[in-house]
Amino acid sequence: MRSKLENGQLTIFLEGRIDTSNAPDTEKYIETEIAENGVSEGNVIFDANDLAYISSAGLRVLMKIRKKAGKVLDIVNVSRDVYDIFETTGFTDLLNVQKKMRELSVEGCEIIGKGGNGTVYRLDDDKIVKVYAGQGLEIVKREQEHAKIAFVNGIPSIIPYDVVKVGDDYGTVFEMVRSDTLGHVIAKEPERMMELVDEYVALAKTLHSTHIEKGKIPDIRTLFHDRADRLDRWCSAEEIGILHDIIDKMPEADTVLHNDLHPGNIMIQDGELVLIDLAEVTVGPKVFDLSSIFRDMISGVRTNPELSEMTMGMPVDMIEKVGQLFFMKYTGIEPDGLKDYFDKLGLVYGLNVVLLCGAGIGETEKYADGIMDRLLRGVLIPNRDAIPQVIAGLSA
């Protein structure tokens with residue numbers, strides 16, 4: 001057996017046969033893994049992808065863990081034969097037993113979008129699949145839940161209808177009849193740029209005026225506090241305290257943030273702009289969506305032009321032009337006033353980058369020491385009192 005710890009969630013992989021001959025050893029292994037990884041029984045998922053058989057002795061082991069957890073536990077990737085055992089014994093009423101996902105291959109498929117959470121492939125004329133590289137099932141479920149919440153609240157979005165395995169990774173399948181990304185369409189039909197940017201702005205304003213019932217999706221301040229606490233490898237307790245103080249002074253908002261609102265995460269389906277990649281949706285001040293667009297389309301686009309072009313489906317010069325147009329149309333600011341606006345937006349972007357180091361994303365962590373020196377100590381701390389005012393002003 002083996003296990004994997006990710007974001008406080010321990011996955012234990014059940015393998016082979018579990019019966020009277022090895023049930024005690026299986027129980028001992030599970031208890032040891034829970035103790036050594038510092039998690040509770042309630043934070044365990046059992047992956048049964050390689051489980052061929054489980055007897056009543058094995059089922060009793062799972063029931064012991066369930067009783068200690070005091071909650072229903074997830075058992076995923078259960079084969080049809082093993083599922084029949086759970087169902088016949090009534091365990092499907094006691095545990096959250098999920099059948100094994102179907103497996104897909106994306107070999108030879110066109111990449112139509114790439115971002116921090118994964119890569120989007122076109123399977124055929126009707127379907128696309130988003131593959132979450134190296135991430136757990138939790139993020140897939142979160143995207144499904146957020147997509148449903150967004151849809152029922154009037155936000156144009158596509159609900160994933162199937163969860164699949166792509167190699168060792170998870171993926172979600174979307175039915176996207178006659179659709180393409182906003183970035184691809186602008187690149188192929190540049191004469192429509194002004195029209196499509198208008199629709200892009202309208203979609204962003206729809207998000208930023210949609211109110212969500214408290215508790216339905218996370219508040220960005222809660223997310224930021226959690227990330228700040230994880231910066232202790234690079235920051236002193238005093239510096240982390242300053243970040244918490246900045247976050248506490250941020251204005252409260254119950255309107256939707258996508259948090260990665262670039263043209264590669266927007267599809268055009270039957271003439272309508274719709275959102276994908278909703279795993280990181282929160283509520284909060286709209287300026288944080290604007291700062292992510294600033295990052296992707298203005299500030300950082302030339303740092304890694306190949307990645308930018310793949311992510312958004314447009315050449316670098318076009319990305320910058322669309323970005324400039326977006327901000328002029330969204331804010332009503334004339335071109336000569338954008339520099340001052342971008343200077344203020346840069347402070348918010350800096351806060352976002354610093355806190356992103358606490359999100360556990362390896363690429364950001366690699367540069368964390370430099371980010372703390374340049375942004376936290378060089379920019380954020382000297383402007384600690386101004387930043388909450390900037391956030392409030394740009395979100396008004």
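Starting from 1, each residue takes its place in the sequence as its number.
More than 12 heavy atoms of other shown residues, nucleotides or ligands fall within 6.0 angstrom of atom NZ in K141. For M310, the CE atom counts as loosely surrounded, since its 6.0 Å shell holds 12 or fewer non-hydrogen atoms of other residues, nucleotides or ligands. For CD of E306, the number of neighbouring non-hydrogen atoms (other residues, nucleotides, ligands) closer than 6.0 Å is 12 at most. More than 12 heavy atoms of other residues, nucleotides or ligands shown are found within 6.0 angstrom of OH on Y29. For D168, the CG atom sits in a loose shell: 12 or fewer heavy atoms of surrounding residues, nucleotides or ligands are nearer than 6.0 Å. Counting heavy atoms of neighbouring residues, nucleotides and ligands inside a 6.0 Å radius, atom NZ of K148 does not exceed 12 of them. Environment of CD in E238: sparse, with no more than 12 heavy atoms of neighbouring residues, nucleotides or ligands closer than 6.0 Å.
The hydrophobic cluster containing I387 does not contain L223, counting ILVMFWY residues as joined when their side-chain heavy atoms lie under 4.5 angstrom apart, directly or transitively. If you chain together hydrophobic residues whose side chains sit under 4.5 Å apart, L95 and I45 never meet in one group. Transitive grouping of hydrophobic side chains (ILVMFWY, heavy atoms separated by less than 4.5 Å) brings M372 and Y367 into a common cluster. Under the 4.5 Å side-chain heavy-atom criterion for Ile, Leu, Val, Met, Phe, Trp and Tyr, L261 and L394 are members of the same hydrophobic cluster. In the hydrophobic clustering of this structure, I268 groups with L203; members are Ile, Leu, Val, Met, Phe, Trp, Tyr whose side-chain heavy atoms approach within less than 4.5 Å, directly or through other members.
Without hydrogens or angle criteria, D289 side chain to N259 main chain gives a donor-acceptor distance under 3.5 Å. Remark: side-chain polar atoms of H258 are paired, donor with acceptor, to backbone N or O of I276 under 3.5 angstrom. Judged purely by atom type and a 3.5 angstrom limit, H184 has no side-chain atom pairing as donor or acceptor with the backbone of D180. Checking side-chain atoms of N22 against main-chain N and O of R17 turns up a donor-acceptor pair under 3.5 Å. Distance alone, capped at 3.5 Å, is enough to place a donor-acceptor pair between the K71 side chain and the G42 backbone. For the pair Q9 (side chain) and N43 (backbone), a donor-acceptor distance under 3.5 Å is present. Listed for the D245 side chain is no donor-acceptor partner under 3.5 Å among the backbone atoms of G241.
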Applying side chain to side chain contact (heavy atoms under 4.5 Å, CB included), run through L59 and F86 and close with a yes or a no. CA-CA 8 Å; L59 293 174; F86 280 110; 3.4 Å; yes
Using side chain to side chain contact (heavy atoms under 4.5 Å, CB included), reason through I65 and I30 one step at a time and then give a plain yes or no. CA-CA 9 Å; I65 304 299; I30 293 170; 3.8 Å; yes
Apply salt bridge (charged side-chain N to carboxylate O under 4.0 Å, His left out) to the pair R66 and E41, showing each step before the final yes or no. CA-CA 7 Å; R66 180 192 183 280; E41 286 80 358; over 6 Å; no
Would you sort out whether D260 and H262 count as a side chain to side chain contact (heavy atoms under 4.5 Å, CB included), showing the intermediate values? CA-CA 6 Å; D260 204 13; H262 61 70; 3.3 Å; yes
Could you go step by step and tell me if K165 and D169 meet the salt bridge (charged side-chain N to carboxylate O under 4.0 Å, His left out) rule? CA-CA 6 Å; K165 288 283 288 195; D169 298 318; over 6 Å; no
Show the numbers, then the answer: is there a side chain to side chain contact (heavy atoms under 4.5 Å, CB included) between L14 and D50? CA-CA 6 Å; L14 306 175; D50 296 318; over 6 Å; no
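Applying the side chain to side chain donor-acceptor pair (under 3.5 Å) rule to pairs touching residues 215-225 yields D219-R221, H225-H244, H225-D248, sequence neighbours excluded. Screening residues 79-90 for side chain to side chain donor-acceptor pair (under 3.5 Å), with sequence neighbours left out, gives no hits. Residue pairs meeting the ring-ring contact (aromatic ring centres under 6.0 Å, His included) criterion with at least one partner in residues 375-396, sequence neighbours excluded, do not occur; the list is empty. A ring-ring contact (aromatic ring centres under 6.0 Å, His included) check over residues 46-76, counting only residues at least two apart or in different chains, returns nothing. Counting only residues at least two apart or on different chains, the ring-ring contact (aromatic ring centres under 6.0 Å, His included) pairs with a member in residues 270-324 are F224-F288, F294-F342, F294-Y349.
Note: C109 SG to K127 NZ = 11.0 Å, rounded to the nearest 0.5 Å. A distance of 10.0 Å separates CG of L62 from CD1 of I12, quoted to the nearest 0.5 Å.
Scanning both residues, T11 and D47, for their nearest heavy atoms gives CG2-CB, 3.9 Å. Scanning both residues, L123 and S105, for their nearest heavy atoms gives CD2-O, 4.4 Å. Looking at every heavy atom in both residues, N7 comes nearest to R230 through OD1-NH1, 4.5 Å.
In this structure the side chain of S157 never reaches within 4.5 angstrom of the side chain of V274, judged on heavy atoms. Taking 4.5 Å as the limit, some side-chain heavy atom of M297 sits within range of a side-chain heavy atom of M314.
Side-chain contact check for D162 and T172: no donor-acceptor pair (N or O, by modelled atom type) lies under 3.5 Å. Using modelled atom types, one finds a donor on one side chain and an acceptor on the other under 3.5 Å when comparing D277 with N265.
In terms of the side chain to side chain contact (heavy atoms under 4.5 Å, CB included) criterion, residue partners of K205 (sequence neighbours excluded) are, by chain and number, V201, Y330. Listed by chain and residue number, H211 satisfy the side chain to side chain contact (heavy atoms under 4.5 Å, CB included) test with D254 (two or more places apart in sequence, or in another chain). Here D373 pairs with R377 under the salt bridge (Lys or Arg N to Asp or Glu O under 4.0 Å) rule; sequence neighbours left out. With sequence neighbours excluded, the residues satisfying side chain to side chain contact (heavy atoms under 4.5 Å, CB included) with V316 are V301, R302, P305, E309, E320. Residues satisfying the side chain to side chain donor-acceptor pair (under 3.5 Å) test with D296, not counting sequence neighbours, are none. Taking the side chain to side chain contact (heavy atoms under 4.5 Å, CB included) definition, one finds that R233 meets it with E365, sequence neighbours left out. Take K329 and apply the side chain to side chain donor-acceptor pair (under 3.5 Å) test, not counting sequence neighbours, and it matches D198.
A side chain to side chain contact (heavy atoms under 4.5 Å, CB included) with C357 is found for exactly one of L375, L376, L231, namely L231.
Taking the centre and axis of the six-membered ring of Y121, the NZ or CZ atom of K130 falls outside the cone set by 45° and 6.0 Å.
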